[in-house]
2 protein chains.
Amino acid sequence: MTFSVAATAESIAAVPVSIPAPAVVSGSSAATEKGRCAGCSVRSKGLCAALPAEELPELSAASRTINLLSSTPVVLEGAEADSVFTVVSGMLKLYKTLPDGRQQITGFATAGDVIGLAVGEAYAYTAETVTASTVCRAPRSALHRLMERRPAVQARLLAMTSVELSAAQDQILLLGCKTAVERVASFLLALSRRSRPLPDGCPSVFLPMPKVDIGAYLGLRPETLSRVLRKLEDAGAITRLTNDRIRLDDAAALEATATLAA
Amino acid sequence: MTFSVAATAESIAAVPVSIPAPAVVSGSSAATEKGRCAGCSVRSKGLCAALPAEELPELSAASRTINLLSSTPVVLEGAEADSVFTVVSGMLKLYKTLPDGRQQITGFATAGDVIGLAVGEAYAYTAETVTASTVCRAPRSALHRLMERRPAVQARLLAMTSVELSAAQDQILLLGCKTAVERVASFLLALSRRSRPLPDGCPSVFLPMPKVDIGAYLGLRPETLSRVLRKLEDAGAITRLTNDRIRLDDAAALEATATLAA
DNA sequence: CGGCGATTTGACGTCGTTCAACGTACGTGG
DNA sequence: CCACGTACGTTGAACGACGTCAAATCGCCG
């Protein structure tokens, strides 16, 4: 599911880089053929979860692991969609752009999420790292062959796409109906469901992306987001521990203001 | 794709009914077993397009055709998702509801569209007819069995879901970034691409749903929609032929104001 | 310590909403 | 055939939430 902050992402330190960063590629030549996929940290997630062990050698041969610094584009909206990527670690933002430059972030991708699936020939969105990340690249044709050979892979892809669709419809509800406070509360709660609570039992969320990106995801300006967070903090619902971590002191109050779907 | 007004829908007259209407069911007993699906008007659309002829008898046996008046619910958000439906004719609206009653329409379904696919046990949205409609109901279990037997059906479902996901992301862009005029222009253009131009060559769109529903789809109040339509009409971009039909006199001007995605 | 970008805060403007009244289309019954 | 009722649509005026613009502050590295 293209959204929450996975535990693995939390240990990755953001490496600020303004210029498209050099990519470090470790392909099949960099590790033992069988071992690379077999020992992968996302072996049990995403599409790979549907793969039987005997497919691993061929998959290892077809795929390449790529290490990326932050702010590095991985796929570009409109470009030819010849590859698919699985996020191994880190976090990416997926966004669409209007001709005049306005951007709407459609989701954040973390470990196990698949990026770059396209209906036609072109990618439907741009994907760019927000923290240093590792992704695994495979040619689209290899995925197609794999799906023909293994219906379970196709079934898995269908399940993942369906979950994404459902999440997208929730986002449509959020953007079409909810107020700024409701959007932020919904966002914090959705994130908190995917992360481990603090030692003191309070849920908390990790926000490695800049505030302007959170705003672009929620259909709000960063100024509005800042004001809403302050309001929630004054109300005692949250505490801003650091710039990129928020503790949810009163999750019940947040749920009340989130007006969650029926 | 859950969206545009199909040609078949245009010939269906809306039958205003405020009370949930009686449903007329014509099942396998009402027609010859083989003929019913074989002669269906959506045989070449939606999921059925992926079916080889030899599957038709079993499908006919498992499915039932249902005729519905307007304003009749077909599936309810949160209810147990035990059936899937294919729209044969007419138009339905799909929407989500917040606890306080606010509604967001996530799409309109027309001939060939599939309704009621669910990730978990419950429907994710409510579907309700906006015009008199005919739908074809099949048990979810039958679809699952069919997909196991026929990978092509699963592939088709994956393709349809992917297209829906892409449309949902376009809608997220619309709701998150665009102004009222841009939303309406985008909406009219998207509809016009799916319908036949008038004899005079001008594209036109058919809007059988109430204005409040169009608003709920675009994240706008009916008053705002009305004002925007008036503005577009005054600008010479459109003409309101009747209450439910609009002619697009200047599609180029509309595209300029729609700020279509890159 | 200094500098730069990200974030926050304040003042103000604007777009879309809200509330209310009016108009219109259609169906019903006199 | 026309009066009436109801639901939908339109229009106007005032309001409010969020956006815009600008400045101050924070945080992170060098």
Side-chain angles (χ1 to χ4, degrees), chain A residues 13-19 69-71 93 98 100-104 130-132 174-185 207-234 238-246 257 259, chain B residues 13-19 69-71 93 100-104 130-131 174-185 187 207-234 238 240-246 257 259:
Chain A
V15 179
V17 156
S18 52
I19 307 295
L69 298 182
S70 61
S71 301
K93 62 175 173 181
L98 289 176
D100 62 4
R102 281 175 286 177
Q103 293 187 344
Q104 176 65 34
V130 295
T131 68
L174 181 144
L175 293 171
C177 286
K178 295 190 183 180
T179 65
V181 202
E182 291 165 350
R183 293 181 199 194
V184 175
L207 304 165
M209 68 292 268
K211 296 278 184 289
V212 63
D213 285 347
I214 301 176
Y217 178 66
L218 298 176
L220 301 172
R221 301 292 126 150
E223 296 95 329
T224 304
L225 177 62
S226 176
R227 278 185 259 268
V228 169
L229 287 175
R230 161 145 277 278
K231 187 147 95 176
L232 289 174
E233 192 164 26
D234 289 347
I238 64 172
T239 303
R240 285 189 267 185
L241 303 174
T242 65
N243 189 39
D244 59 7
R245 181 168 292 280
I246 292 179
T257 61
T259 57
Chain B
V15 179
V17 157
S18 52
I19 306 295
L69 298 182
S70 61
S71 301
K93 62 175 173 180
D100 63 3
R102 280 174 286 177
Q103 294 187 344
Q104 176 65 35
V130 295
T131 68
L174 180 145
L175 292 170
C177 285
K178 296 190 181 179
T179 66
V181 202
E182 290 166 350
R183 294 181 197 195
V184 174
F187 176 70
L207 304 165
M209 67 293 269
K211 295 277 184 290
V212 63
D213 285 346
I214 300 177
Y217 178 66
L218 298 175
L220 301 171
R221 304 290 126 155
E223 296 95 329
T224 304
L225 178 61
S226 177
R227 278 185 259 269
V228 168
L229 287 175
R230 162 147 278 279
K231 187 147 107 180
L232 289 174
E233 193 165 26
D234 289 347
I238 63 172
R240 285 190 266 187
L241 303 173
T242 66
N243 188 40
D244 59 9
R245 181 167 292 280
I246 292 178
T257 62
T259 56

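The sequence lines fix the lettering, A, B, ..., with proteins before strands; numbering per chain opens at 1.
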Terminal axis angle for the helix from C:dC1-D:dG30 to C:dG30-D:dC1, five pairs an end, nearest 10 degrees: 30°

Rounded to whole Å, please give me the gap between CZ in B:R221 and C1' in C:dA20. 16 Å

Atom-to-atom span, CG of B:L220 to P of D:dT10 - whole angstrom: 14 Å

How many angstroms lie between atom CG of A:L207 and atom CZ of A:R240, to the nearest 0.5 angstrom? 10.5 Å

Can any side-chain N or O of B:R183 pair as donor or acceptor with the backbone N or O of B:L175 at less than 3.5 Å? yes

Look at all strands and tell whether A:G215 reaches a base, only sugar-phosphate, or nothing, counting heavy atoms closer than 4.0 Å. nothing

With a 3.5 Å distance limit and no angle check, can you tell me whether A:T242 reaches the backbone of A:D244 through a side-chain donor-acceptor pair? yes

Just verifying a value: how many Å separate A:R227 CZ and A:K231 NZ, rounded to the nearest 0.5 Å? 11.0 Å

Using atom CG of B:L175 as one end and atom C1' of C:dG16 as the other, report the distance to the nearest whole Å. 14 Å

Could you write nucleotides 3-15 of chain C as a row of B, S and -, 5' to 3', where a protein heavy atom under 4.0 Å of any base atom gives B, of only sugar-phosphate atoms gives S, and otherwise -? ----SSBBB----

Using the closest heavy atom to pick a nucleotide of DNA chain D for each, name whichever of A:V181 or A:T242 lands nearer the 5' end. A:V181

Please confirm whether the backbone N or O of B:V184 pairs with a side-chain atom of B:K178, one donor and one acceptor, at under 3.5 Å? no

Just do the side chain to side chain contact (heavy atoms under 4.5 Å, CB included) check on B:L218 and B:T224 with the steps written out, would you? CA-CA 11 Å; B:L218 298 175; B:T224 304; over 6 Å; no

dist B:R102:CZ -> A:E182:CD (nearest 0.5 Å) comes out at 4.0 Å

Given 3.5 Å as the limit, does a donor-acceptor pair link the side chain of A:Q104 with the main chain of A:A216, or not? yes

Roughly, in whole Å, what's the span from NZ in A:K178 to C1' in D:dC18? 18 Å

